[in-house]
Amino acid sequence: MLNSSHPETVAVHAGRAPDPSSGAVTPNLVFSSTFARDDHGQLPHGHVYSRTSNPNRASVEAALTALEGGAHAFAFSSGQAASAAIFATLSPGDRVILPDDLYHGTRYLAKNEFGRWGLVAEFIDTSDLAAVTTALQKPARLIWLETPSNPRLKISDIAAVAQLARAAGAIVAVDNTWATPVLTQPLTLGAHLVMHSTTKYLGGHSDLLGGVLIAGGDAPADLVARLRTWQNLGGAVPAPFDCWLLLRSLATLPLRVRAQSASAAQLAAWLSGHSKIERVYYPGLSSHPHHVVAAQQMSAFGGMLSFEVRGGHDAAKAVACRVKLITQATSLGGVESLIEHRRPVEGPDSVTPPGLLRFSVGLEHVEDLRADLTQALG
Ligand SMILES: Cc1ncc(COP(=O)(O)O)c(C=O)c1O
């Protein structure tokens, strides 16, 4: 029985116990897609078929439930599969409020794909409580937050939005991919659901694809039941090996995220004073418009930052192409630093400034990262 709420301890121990049959301390990897019944036709270990549940997924779901302070977790084969599961539990005609700055795949999924099924997606500035109040004056089934947002690191006040949304009868779902449960626990701030792309910080090594939903103890029972059904019958579940890798990576999550946050904070401050930089987006800077809210709901400001290069699209592209230690690639949250020129990958709907580079700060020494950026900026 785990008797600690410290993320370092929870990350190492939740969802793990020595295997009773062998004493193995590291969890076994169970590939079997099906599980034997006993002489009475019963399932002694509770698993029937691997799409419905399996030992490695059960372990990682238990760990993620504990890390987010939730009551149930549902693991999926990608972050997008997890997001789609939330939208799939809603009904045609349901109105969903989402941030005007968020992962472009979520925007497309809600607006275009689920739009065809009758979901009404409306995009507002969720960092502006007056805009949230106005949007909630019309019936809304769900409000979606992503904080810090991808790629402009807007911060939404989870506690304040949750209070407004609950009063209006709306479900609150938070994409916590960029903050991670180490820095922010949305369920304790009033959200009903947390979503993660576990591909990012939770996996942490750019070697797995996954997603998860964690429901709080007071999430509506019918919502939880539908998510469970969707996970099983929709079938976009992670393979046992991806669950095993994810559980292994969770043990180092608090250390990785704190180190990445410390380096990102130093680099953000340095870039803010650089002559080739127009603007830095990082919630740890006192100049960030939502710094005060960020300081309240985050225990550090995260390993992600964005910056605009003077000279716009061409200048930003040139910097991304000149880095040597940092890799020019999409994705984030891994041990290695990645940089990406965002607008070209976001498609025609993108509102991202053309000169913006998104930077996922890895675990390299901060001075090596600074030196690489210095030479790339020229
Ligand atoms: C904030 C955020 N949410 C969701 C996703 C989608 O996750 P996945 O690529 O695992 O489907 C991403 C991917 O970049 C993301 O950054």
Side-chain angles (χ1 to χ4, degrees), residues 60 64 68 73-88 96 98-114 121 123 126-127 144-156 158 173-184 186 191 193-214 231 234 236-239 242-243 245-246 249 257 260 264 281 283 298 302-306 327-334 336 338-347 350 352 356-361:
V60 87
L64 290 164
E68 284 288 3
F74 306 99
F76 291 88
S77 54
S78 69
Q80 285 303 90
S83 299
I86 298 185
F87 298 135
V96 178
L98 300 105
D100 58 2
D101 187 60
L102 85 165
Y103 172 56
H104 73 105
T106 312
R107 178 180 19 245
Y108 194 94
L109 188 66
K111 187 174 148 194
N112 299 63
E113 297 309 312
F114 280 91
F123 298 87
T126 53
S127 68
W144 183 283
L145 300 179
E146 183 185 290
T147 180
S149 66
N150 180 358
R152 278 185 286 157
L153 294 115
K154 286 186 166 189
I155 299 293
S156 295
I158 300 171
V174 179
D175 182 336
N176 200 27
T177 300
W178 280 33
T180 83
V182 179
L183 306 185
T184 305
L193 278 180
V194 167
M195 174 263 159
H196 282 280
S197 164
T198 56
T199 315
K200 315 299 181 192
Y201 286 100
L202 304 194
H205 297 73
S206 306
D207 56 7
L208 66 87
L209 205 66
V212 70
L213 300 176
I214 300 115
Q231 183 196 35
V237 290
D242 283 350
C243 295
L245 276 177
L246 178 55
S249 299
V257 168
Q260 285 162 318
Y281 300 80
M298 302 179 80
M304 293 300 301
L305 63 102
S306 294
T327 303
Q328 183 181 190
T330 199
S331 204
L332 57 105
E336 66 291 298
L338 301 180
I339 202 159
E340 185 173 40
H341 189 200
R342 261 325 264 180
R343 174 114 171 205
V345 299
E346 288 185 349
S350 175
T352 298
L356 183 141
L357 293 177
R358 191 184 75 182
F359 185 19
S360 172
V361 179

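Each ligand, and each atom within it, is numbered from 1 in the order the structure gives.
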Note to self: Is it the case that the side chains of Glu336 and Ser206 hold a donor-acceptor pair, with the cut-off being a distance below 3.5 Å and no angle test?
What the structure shows: yes
Check: Which protein residues have a heavy atom closer than 4.0 Å to any atom of ligand 1, listed by chain and number?
Finding: Ser78, Gly79, Gln80, Tyr103, Glu146, Asn150, Asp175, Thr177, Trp178, Met195, Ser197, Thr199, Lys200, Gly210, Leu332
Notebook entry, point to check: Quick one: does Thr352's side chain have a donor or acceptor within less than 3.5 Å of a partner on Arg343's backbone?
Noted result: no
Notebook entry, point to check: For Trp144, what residues pass the ring-ring contact (aromatic ring centres under 6.0 Å, His included) criterion, not counting sequence neighbours?
Noted result: Phe87
Margin query: Just to verify, what does His104 make a ring-ring contact (aromatic ring centres under 6.0 Å, His included) with, not counting sequence neighbours?
Written below: none
Item checked: Residues forming a salt bridge (Lys or Arg N to Asp or Glu O under 4.0 Å) with Asp101, sequence neighbours excluded -> Arg152
Note to self: Could you go through Tyr103 and Gln80, starting from their C-alpha distance and side-chain angles, then the distance that decides it, and tell me whether this counts as side-chain contact (heavy atoms from CB on, under 4.5 Å)?
What the structure shows: CA-CA 10 Å; Tyr103 172 56; Gln80 285 303 90; 3.4 Å; yes
